[in-house]
Protein chains: 2
Amino acid sequence: MSLIIQNITKHITLTPEEQLLFLSKTETHTFKAKTILLNSGQICKHSYFINSGILRSFNINDNIVEYVLSFACEGWWIGDMYSLISQKPGNLFIEVLEDAEIVTLSKENQEYLYAAIPKLERFFRILTENSLVANQERLMDNLSLSAEERFEKFRRKYPTLLQKIPQKQIASYIGVTPEFFSKMKSKLLRK
Amino acid sequence: MSLIIQNITKHITLTPEEQLLFLSKTETHTFKAKTILLNSGQICKHSYFINSGILRSFNINDNIVEYVLSFACEGWWIGDMYSLISQKPGNLFIEVLEDAEIVTLSKENQEYLYAAIPKLERFFRILTENSLVANQERLMDNLSLSAEERFEKFRRKYPTLLQKIPQKQIASYIGVTPEFFSKMKSKLLRK
DNA sequence: GTACTTTCTTAATCTACATTAAGTGCCCTC
DNA sequence: GAGGGCACTTAATGTAGATTAAGAAAGTAC
């Protein structure tokens, strides 16, 4: 069974026909590392589900500094939720960090599927709830924890990513400069 | 029409019978300021909808410092999403800041209503999506903006709150100490 | 009204992290 | 295999905001 159907059937049950209908409304593509799937200022038309590879979403402040909102690997969804909901231009970029196979689901097809298979409302509600919880935790962590503690949380949340992505992006995710991250890392190694 | 039904019918349409069914599964209570509706360590059994008054959710780090996750006023929902979903003990407190009339919806009744009125899945999906977007924006703001800029955003988001709640709680929300907030405020006034 | 608690202010000192700058290693690509 | 770009490191200096401490103001309770 495809990864995306496995992902969905963690939370709801689909009949074989529903599974086929769902899949018929998606497309699967492969992308090379460094591909930008969504640019700041564009309207986000798709949700992305990752079969393999790594993606990130980020924005750029004053055209200078990048801030990573999220990473996503195999079995995760990613998109610009603001732009996807409002269908207005967003400020996120979505970029492929490691060659990836991606299932795309257009906003239109998603709406079509909500009508055709109302259970999917439930699935995406649960998915969104889980994102919200994770995001709230990260927000509180950013308010209350030190950079070292946030790094430790990152490691636990994304155990496979540490070796795979440039460390300046981990720095951005936990909210410090690459220089400070480097210093912090060597301090942790010396312990 | 009750405020909560108005709130729901912003996103979905309910028949009069569905409205009555929904309301029959809720309870309305009034609470005095300083009432704690949910304690850290408890399992959150209810979603709260605010007819009047002001609430906040916060957690306490190392039994010392409070961090405000959110404020909620008239027409907003509040709860401990993590605990509500997982039915495990959460780490949030929910407190009444200004005498309030609250509609409570138990987790059980919410699940019952999802089954009875599947459209409600859609409503709560949309509600959760909007929270997620707001939360993501706040996270990015905390990574990229100065305390002054975050204060300005707070003012725009909660224009009525500034005069109504202790300023140490605004400080906590934007992520600075009360002392620094006081200094910043007098600096802004001097301009 | 008086005492008690909580909030707010001011100011000195401190620190986690940013900024700037320079240099090193490494992977591309041609 | 030489040159150009990134990613990473190191170190000096700078700063936003924390900490500590003390007093003033404002609620709140009896």
Side-chain angles (χ1 to χ4, degrees), chain A residues 32-36 54 56 58 60-68 71 93 95-99 140-154 161-191, chain B residues 32-36 54 56 58 60-68 71 93 95-99 140-154 161-191:
Chain A
K32 286 271 161 209
K34 303 197 177 173
T35 309
I36 300 284
I54 303 173
R56 68 164 174 150
F58 64 101
I60 299 186
N61 192 264
D62 300 328
N63 291 315
I64 305 176
V65 190
E66 290 181 15
Y67 294 91
V68 172
F71 297 109
F93 297 78
E95 183 197 22
V96 179
L97 291 181
E98 191 181 70
D99 294 0
M140 295 311 267
D141 287 351
N142 273 297
L143 289 174
S144 62
L145 303 182
S146 69
E148 253 175 61
E149 290 168 316
R150 278 175 272 146
F151 178 45
E152 191 41 49
K153 284 231 168 186
F154 166 85
L161 248 55
L162 194 51
Q163 6 286 340
K164 290 188 182 171
I165 63 178
Q167 78 182 31
K168 60 180 268 196
Q169 290 181 14
I170 301 174
S172 166
Y173 178 87
I174 68 172
V176 297
T177 57
E179 293 86 352
F180 184 78
F181 186 84
S182 172
K183 199 161 82 175
M184 186 176 84
K185 203 185 75 174
S186 70
K187 186 184 143 202
L188 289 174
L189 285 175
R190 260 179 281 122
K191 279 188 186 167
Chain B
K32 287 269 162 209
K34 304 201 176 166
T35 308
I36 301 284
I54 303 171
R56 66 164 176 151
F58 64 100
I60 299 186
N61 192 262
D62 300 328
N63 291 315
I64 304 178
V65 190
E66 291 180 16
Y67 293 91
V68 172
F71 296 109
F93 295 80
E95 182 196 22
V96 179
L97 290 183
E98 191 181 70
D99 294 1
M140 295 313 266
D141 287 350
N142 273 298
L143 290 174
S144 62
L145 302 182
S146 69
E148 252 175 63
E149 292 169 315
R150 278 176 271 144
F151 177 44
E152 191 42 48
K153 285 230 171 187
F154 165 85
L161 249 56
L162 193 52
Q163 4 287 339
K164 290 190 183 170
I165 63 177
Q167 79 182 30
K168 61 181 268 199
Q169 289 181 16
I170 301 173
S172 166
Y173 178 88
I174 68 173
V176 297
T177 58
E179 294 85 354
F180 183 77
F181 185 84
S182 173
K183 195 161 86 176
M184 187 176 83
K185 204 185 75 174
S186 70
K187 186 183 143 204
L188 289 174
L189 286 175
R190 258 180 282 120
K191 278 186 187 166

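Model, not experiment: these values are computed from the prediction. Residue numbers start from 1 in every chain, and the chains themselves are labelled A, B, ... in the order their sequence lines are given, proteins ahead of strands.
- Rounded to whole Å, atom C1' of D:dA18 lies 14 Å from atom CD1 of B:I64.
- Comparing A:V65 and B:E179 by the nucleotide of DNA chain C that holds the closest heavy atom to each, the one mapping nearer the 5' end is B:E179.
- Spacing between atom OH of A:Y67 and atom P of C:dC17 amounts to 14 Å, rounded to whole angstrom units.
- Between B:R150 and B:G175, the shortest heavy-atom contact is NH1-O, 4.0 Å.
- Nucleotide D:dA16 holds its C1' atom 16 Å from the CG atom of B:L143, rounded to whole Å.
- Interatomic distance, CD of B:E152 versus CG of B:D141, reported as 12.0 Å (0.5 Å rounding).
- Taking the ring-ring contact (aromatic ring centres under 6.0 Å, His included) definition, one finds that B:Y67 meets it with nothing, sequence neighbours left out.
- At least one side-chain heavy atom of A:F151 sits under 4.5 Å from a side-chain heavy atom of A:L188.
- Using a 4.0 Å cut-off on heavy atoms, the residues of residues 161-178 of chain B that approach DNA chain C are B:P166, B:Q167, B:K168, listed by number.
- The two atoms that bring B:A33 and B:L97 nearest to each other are CB-O, 3.6 Å, heavy atoms only.
- We find that CG of A:L145 is positioned 15 Å from P of C:dA16, with the value rounded to whole Å.
- Taking five base pairs at each end of the helix from C:dG1-D:dC30 to C:dC30-D:dG1, the local helix axes there meet at an angle of 50°, rounded to 10°.
- Neither OP1 nor OP2 of D:dA16 sits under 4.0 Å from any side-chain N or O of B:R150.
- Computed from coordinates, the A:M184 CE to D:dA11 P distance equals 18 Å when rounded to whole Å.
- B:I60 CD1 to B:F93 CZ: the interatomic distance, rounded to the nearest 0.5 Å, is 4.0 Å.
- The CG-C1' distance, from A:L189 to D:dC8, rounds to 13 Å in whole Å.
- Residue A:K185 has a polar side-chain atom (N or O) positioned under 4.0 Å from OP1 or OP2 of D:dT9.
- Atom CZ of B:F181 is separated from atom P of C:dT9 by 9 Å (rounded to the nearest Å).
- In this structure, the side chains of B:Q169 and B:F71 come closer than 4.5 Å at one or more pairs of heavy atoms.
- Whole-Å rounding puts the B:K183 NZ to C:dT9 P distance at 13 Å.
- In this structure the side chain of B:I170 never reaches within 4.5 angstrom of the side chain of B:L161, judged on heavy atoms.
- Counting heavy atoms from C-beta outward, A:E95 and A:E66 have side chains that stay 4.5 Å or more apart.
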